[in-house]
Amino acid sequence: MGRFDERVAVVTGAARGIGLAIATRFAEEGASVAVLDLDESAAQQAASGLPGKAVGIGVDVADVAGAEAAVDRVVAELGGVHVLVNNAGITRDNLLFKMSETDWDLVMNVHLKGAFAMTKAAQKHFVEQRYGKIVNLSSVSALGNRGQANYSAAKMGVQGFTRTLGIELGPFGVNANAIAPGFIATDMTDATAQRVGMSVEDFRAAAANRNPVKRVGHPEDIAAIAAFLCSDEASYVTGQTLYVDGGATLV
Ligand code: NAP
């Protein structure tokens with residue numbers, strides 16, 4: 001018996017990286033999974049590799065009407081919705097004096113408006129059935145990071161959003177929590193290595209050296225925490241942000 005038998009989980013940005021690991025973990029533990037991503041064929045390809053029932057749906061999470069239509073499609077195709085993981089994300093790093101308005105808006109839209117749009121669409125079902133689990137992806141960058149004024153503002157915004165969801169939705173049987181990962185080895189961090197002119201190996205080794213456990217994180221490290229926070233074992237936890245960073249923010 002899996003912790004997510006009879007549950008339907010929606011994971012955004014799940015065609016690759018952390019989202020794909022989370023989708024895989026839910027599927028392995030019995031959930032039917034909706035893989036949402038910008039590119040529908042990439043989402044469908046990822047869904048086809050999951051064990052159990054899964055669908056891939058193309059959506060830009062920052063498009064409010066599109067997000068609502070995607071959730072409607074999940075309910076129609078998988079028979080309901082019980083878990084939402086707002087994972088879709090992008091970076092557009094630059095020092096503040098060089099940061100364009102477009103890059104500010106893009107990052108705000110994907111992380112904040114995207115989480116708003118998806119959560120608003122899903123909460124309707126959660127409140128009606130008096131059951132729902134929400135996990136939002138924040139980041140250690142929420143605490144401030146050179147070159148990420150847009151991203152750190154959005155990721156701290158995610159934490160405030162999560163606390164408010166905890167307050168508003170708790171009385172309706174809905175838990176909302178956030179995960180703030182440290183360095184996780186994915187395409188996103190590989191792209192940062194390229195941008196700063198380092199090899200992926202050196203960039204990862206430097207990141208590993210900056211935390212007490214002396215290794216980088218992997219998508220599966222985040223998936224395990226997402227599964228716990230969305231399980232009924234965590235039903236007394238809400239509005240929290242859990243830093244999953246090998247202790248990087250301790251030092
Ligand atoms: P990733 O490998 O770049 O994957 C992100 C996924 O989100 C991609 O498939 C991307 O699609 C999709 N996406 C982007 N914009 C979207 C939109 N508007 N609508 C729907 N899907 C969209 O990133 P990751 O490293 O797995 O990161 C996942 C989450 O964790 C993000 O929120 C990120 O900010 C957060 N995080 C990551 C790290 C880390 O070290 N990796 C650390 C802290 C927090 P395309 O491929 O089409 O662009």
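Atom set for the values below is all heavy atoms of this structure, side chains included, hydrogens, waters and symmetry mates excluded. Worth saying up front: this structure is predicted, and the values here are computed from it rather than measured. Order of listing sets the numbers, starting from 1, for every ligand and every atom in it.
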Protein residues having a heavy atom less than 4.0 Å from any atom of ligand 1:
Gly13, Arg16, Gly17, Ile18, Asp37, Leu38, Val59, Asp60, Val61, Asn87, Ala88, Gly89, Ile90, Val110, His111, Leu137, Ser138, Ser139, Tyr151, Lys155, Pro181, Gly182, Phe183, Ile184, Thr186, Asp187, Met188, Thr189
All side chain to side chain donor-acceptor pair (under 3.5 Å) counterparts of Gln123, not counting sequence neighbours:
none
If Ile, Leu, Val, Met, Phe, Trp and Tyr residues are connected whenever their side-chain heavy atoms lie under 4.5 Å apart, and connections chain through other members, are Val244 and Val85 in the same group?
yes
Below 4.5 Å, heavy atoms only, C-beta onward: do Phe161 and Asn136 meet side chain to side chain?
yes
Among Lys133, Gln129, His125, which residue satisfies the side chain to side chain contact (heavy atoms under 4.5 Å, CB included) criterion with His82?
Gln129
To the nearest 0.5 Å, tell me how far Asp232 CG sits from Phe4 CZ.
8.0 Å
Would you say the side chain of Val216 lies within less than 4.5 Å of the side chain of Thr189, judging by non-hydrogen atoms?
no
